[in-house]
Q: 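Have a look at this one before I ask anything.
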Amino acid sequence: MSKDYEERIQELRSKMTLEEKIGQLQQCGPSLVGAFDVSFDELLNMMFDGRITKEEFDRLMGTAEQDYHEEDLRAGKIGSYNGIGDSAMANRLQKIAVEETRLGIPLLFGYDVIHGFRTVTPIPLAESCAWEPALWEKTGRVAAQEATAAGVHLTFAPMVDVAKDARWGRVSEGAGEDVLLNSDYGVAKVMGFQGDDLTKEDAMAACLKHFAAYGAGEAGRDYNRVDMSMQRLWEEYMPPYQACVDAGARAVMPAFNDINGVPCTVNSWLLRDILREKWGFNGLVISDSNAIAECVDHGIAKDKRDASKQAILAGMDMDMSSNSYIECLKELVESGEVPESVLDGAVDDVLRIKFELGLFDNPYQTDGQRESQAMLKDEYRAIAREAAVKSMVLLKNENQVLPLKADAKIGLFGSLAADKGQMTGAWAIGANPEDCVSIVDACEVRRISYRYSENGSDLLKIAVDSDVLVAAIGEKKEESGEAASRADIMVRQEDLALVRDLLATGKPVIVVLFNGRPLAIPELAEHVPAILEAWHPGVEAGPAILDVLFGDVNPSGKLTTTFPAATGQCPMYYAHINTGRPGGKSKFTSKYLDAPVEPLYPFGYGLSYTTYAYGDLKAEKKEDSLHVTVSVSNTGERDGEEIVQCYVQDVAAKRVRPVRQLKGYKKVGLKAGETKQAEFTIPYEELSYYDWNMNKVPCEGILRVYAGGDSRAELMEEIIL
């Protein structure tokens with residue numbers, strides 16, 4: 001941190017009135033106002049609850065205008081905006097802040113750039129299946145270059161919540177169920193978003209979220225409680241957040257949930273003891289939307305005034321959208337209930353990130369020309385296509401139905417095959433549906449012989465003239481993401497009915513799945529010859545899918561989340577403990593009567609158009625680490641890339657340990673018939689764990705080391721530590 005920044009911060013804050021200090025802590029978005037008698041949020045709820053129709057909602061919205069609270073801005077009551085993603089409006093508001101307020105402090109503009117701005121890349125859960133940090137950083141860089149051209153300074157990403165329950169809708173926003181993958185994904189995104197110099201015009205600050213353990217909400221319900229041991233919290237959920245802080249993320253968003261009874265929004269242990277003191281974070285802490293006021297609903301604060309007091313004392317710098325600080329902090333400081341020094345610390349954090357972003361020296365970092373030239377470049381589309389191809393996972397390929405021959409005649413079914421807007425998935429708020437390429441669009445461009453039916457009409461007629469039938473089914477983008485938890489993750493019945501009708505024709509059937517979470521698909525897995533998990537792949541969806549189906553690209557993606565056979569198995573994840581009676585065929589073991597013990601598709605799983613074999617696994621003790629080598633051979637007839645995975649199991653520890661833990665992975669390119677060696681260095685510190693008394697203890701005794709193509713790898717060597 002530049003000493004010059006700190007001196008300028010102190011000098012500027014010394015000139016501020018109490019009201020101006022509080023204003024710096026206020027982040028608001030434009031409000032929708034119009035010819036309706038309730039708030040916009042209530043209007044949305046009325047539509048979702050069925051009290052008004054979608055048509056009535058659209059009619060009312062046609063009268064709406066956006067209120068940017070410009071008089072509050074001129075009065076010094078706003079320090080930041082969210083949800084503004086165009087340079088003209090950003091500069092207009094910035095001009096007011098810089099030229100019409102007493103101190104001329106520039107605004108900070110935040111935006112949810114989760115997986116691309118205009119060039120939407122695959123949802124994070126999908127992209128994590130590429131197991132490629134360099135790719136994750138590259139797509140983050142594209143997002144930053146576009147978003148900053150539109151006036152964005154701060155993205156509310158990456159989300160690094162370890163998510164083990166497929167019912168939770170926001171599993172789509174992170175890197176799945178594994179702690180190592182979430183750590184690596186988060187670090188890569190921080191580096192991609194922020195670049196090598198935050199003062200550059202194409203760098204935006206990363207805000208890691210949701211701190212902490214948001215992905216562990218009870219029963220997979222969004223916003224729900226989290227109640228767990230400290231050992232599990234520190235071993236399975238906290239490392240990705242710390243990795244992002246260590247990588248230089250400049251902002252942190254506490255989670256909506258409570259941890260063991262204390263909401264993260266007002267949790268001083270989390271925000272001060274851990275984040276500030278233990279990890280040394282000196283950036284911005286910003287609430288999630290309305291989270292401070294919602295502490296009243298949590299039952300830990302009696303009113304917004306109490307919630308504001310608890311939040312700022314706990315270390316919450318900025319209030320997003322709830323107006324709690326702007327309404328309550330002045331009285332709290334004047335009464336002495338909140339020391340002004342605490343307020344000053346929060347103001348310093350806000351000013352610091354503005355200095356780091358170069359906003360005081362260059363508040364107008366973009367304009368319309370830069371914005372128009374930055375969007376949807378050919379090179380960005382190429383990166384989006386690369387990411388989509390590498391994200392897709394081939395789940396089944398019976399009798400080598402895939403890849404298709406170049407002259408194959410295709411019967412294409414399902415609305416998702418033609419719906420451009422559904423390709424983006426959740427949290428793609430800067431996207432334009434017309435930017436996206438559907439499967440139907442891509443077939444036209446490639447001049448593929450195809451016939452399309454949205455709902456299966458003319459099914460038999462189309463089938464007669466087709467060599468293969470493709471069903472594009474799964475979830476719509478609204479069915480995953482925030483506030484999209486599901487009690488049943490089975491494929492919808494109408495999709496299953498369509499697939500049954502296609503199978504009845506006797507023609508080979510391929511299912512292309514679009515979804516933002518693992519789905520329970522036992523019937524498809526049993527009866528459909530080929531299944532391609534496409535997720536929500538982004539703007540280049542159609543071309544990328546055809547690249548895989550026709551074999552232009554040999555699929556290499558591997559699952560970063562377990563696919564259960566039934567919803568009732570949730571949460572299901574690979575790194576579980578065994579219990580004293582591990583699940584098995586015997587009656588008195590840990591299992592369900594009406595579901596298999598094993599998942600439908602395990603963590604790390606993914607097929608290729610070639611085959612791989614493993615051998616020569618060796619584990620050797622070094623001074624500070626365990627050195628593991630394994631050979632992998634391409635035993636098929638096509639070149640390919642294999643994601644080699646290394647797992648460990650501590651056999652007899654002071655606390656029961658998971659049956660497998662991922663400790664390393666490498667993507668290895670292999671020509672047909674070629675053999676290479678993959679190497680892994682595992683520091684002993686990464687094998688340690690917490691004992692009953694929360695002391696960090698080393699792994700000692702027998703350690704089993706596994707290597708292979710997924711979490712069921714059978715190649716194993718034991719070593720004594």
Side-chain angles (χ1 to χ4, degrees), residues 122 126 385 388-389 391-420 422-423 436-476 491-492 494-515 519 521 523-538 540-555 557 606-607 609:
R385 186 167 177 171
V389 163
S391 298
M392 294 178 191
V393 182
L394 184 61
L395 297 178
K396 186 178 180 183
N397 191 22
E398 193 174 79
N399 300 322
Q400 294 185 320
V401 171
L402 294 172
L404 298 176
K405 295 180 180 179
D407 60 354
K409 296 179 180 179
I410 298 175
L412 188 55
F413 300 88
S415 63
L416 292 174
D419 194 331
K420 300 170 184 283
Q422 288 296 332
M423 297 300 98
C436 300
V437 184
S438 69
I439 300 178
V440 169
D441 296 332
C443 286
E444 288 287 341
V445 171
R446 285 184 61 148
R447 297 183 179 178
I448 289 168
S449 177
Y450 81 97
R451 293 183 63 188
Y452 170 62
S453 172
E454 177 178 334
N455 55 18
S457 61
D458 296 329
L459 185 151
L460 293 177
K461 189 174 181 180
I462 292 174
V464 168
D465 296 329
S466 301
D467 299 319
V468 64
L469 308 179
V470 177
I473 62 174
E475 291 184 317
K476 294 184 176 181
V491 174
R492 60 172 60 86
E494 52 265 40
D495 283 345
L496 291 176
L498 170 63
V499 173
R500 291 176 193 135
D501 289 343
L502 296 178
L503 290 168
T505 67
K507 293 293 180 75
V509 175
I510 301 165
V511 164
V512 177
L513 281 177
F514 296 94
N515 41 300
L519 295 176
I521 53 171
E523 182 177 338
L524 300 181
E526 182 177 358
H527 298 292
V528 175
I531 304 172
L532 179 66
E533 175 57 85
W535 308 105
H536 290 132
E540 288 291 309
I545 289 168
L546 294 187
D547 284 344
V548 174
L549 293 182
F550 281 90
D552 302 329
V553 174
N554 190 354
L607 300 177
Y609 293 150

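Values reported hereafter were calculated over all heavy atoms of this structure, with side chains retained and with hydrogens, waters and symmetry mates removed. Keep in mind that this is a model prediction, so the values were computed, not measured.
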Q: Report the C-alpha distance between Leu459 and Leu498 in whole Å, list the side-chain angles of each, state the deciding distance to 0.1 Å, and finish with yes or no for side-chain contact (heavy atoms from CB on, under 4.5 Å).
A: CA-CA 9 Å; Leu459 185 151; Leu498 170 63; 4.1 Å; yes
Q: Under 4.0 Å between a Lys/Arg side-chain N and an Asp/Glu carboxylate O for Asp458 and Lys461?
A: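 Result for this pair is no, no salt bridge flagged.
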Q: Do Ile473 and Leu513 pass the side-chain contact (heavy atoms from CB on, under 4.5 Å) test, and can you show the C-alpha distance, the side-chain angles, and the key distance before you say yes or no?
A: CA-CA 5 Å; Ile473 62 174; Leu513 281 177; 4.0 Å; yes
Q: Assess the residue pair Ile439 and Phe514 against the criterion (side-chain contact (heavy atoms from CB on, under 4.5 Å)); give the C-alpha distance rounded to whole Å, side-chain angles, the decisive distance to 0.1 Å, and a yes or no.
A: CA-CA 12 Å; Ile439 300 178; Phe514 296 94; 3.8 Å; yes
Q: Salt-bridge test for Arg446 and Asp547: reply yes if a basic N is under 4.0 Å from a carboxylate O, no otherwise.
A: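 Yes.
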Q: To the nearest 0.5 Å, tell me how far Glu454 CD sits from Leu416 CG.
A: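 With rounding to 0.5 Å, CD (Glu454) is 9.5 Å from CG (Leu416).
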Q: Can you check whether Tyr609's main-chain N or O pairs, donor with acceptor, with Asn554's side chain at less than 3.5 Å?
A: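 Here the side-chain-to-backbone pair exists.
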Q: Determine whether Ser415 and Asn455 make a side-chain contact, defined as any pair of heavy atoms from C-beta on separated by less than 4.5 Å.
A: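 No - every pair of side-chain heavy atoms lies 4.5 Å or more apart.
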Q: So which heavy atom on Lys396 is nearest to which on Pro529, and how close?
A: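 The pair with the smallest heavy-atom distance is CG-O, 3.5 Å.
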Q: Rounded to the nearest 0.5 Å, how far apart are CG of Leu502 and CD1 of Ile510?
A: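 Separation between the atoms: 11.0 Å.
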Q: To check you understand the geometry: which heavy-atom pair defines the closest contact between Asn397 and Ala530, and what is its length?
A: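 That closest heavy-atom pairing would be OD1-CB, 4.1 Å.
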Q: Any chance you could measure Asp465, atom CG, to Tyr450, atom OH, to the nearest 0.5 Å?
A: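 With rounding to 0.5 Å, CG (Asp465) is 15.0 Å from OH (Tyr450).
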Q: Nearest 0.5 Å, what's the CD-CD1 distance between Glu533 and Ile521?
A: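 That separation rounds to 7.5 Å.
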Q: If you measure from CD on Glu475 to CG on Leu519, what distance do you get to the nearest 0.5 Å?
A: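 With rounding to 0.5 Å, CD (Glu475) is 5.0 Å from CG (Leu519).
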Q: Should Ile448 and Phe550 be marked as a side-chain contact (heavy atoms from CB on, under 4.5 Å) after you check the CA-CA gap, both sets of side-chain angles, and the distance that decides it?
A: CA-CA 11 Å; Ile448 289 168; Phe550 281 90; 3.4 Å; yes
Q: Please round to the nearest 0.5 Å and tell me the distance separating atom NZ of Lys476 and atom CG of Asn515.
A: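 Answer rounded to 0.5 Å: 14.5 Å.
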Q: Which atom pairs, one a donor and one an acceptor, fall under 3.5 Å between side chains of residues 398-414 and the rest of the protein, sequence neighbours left out?
A:
none

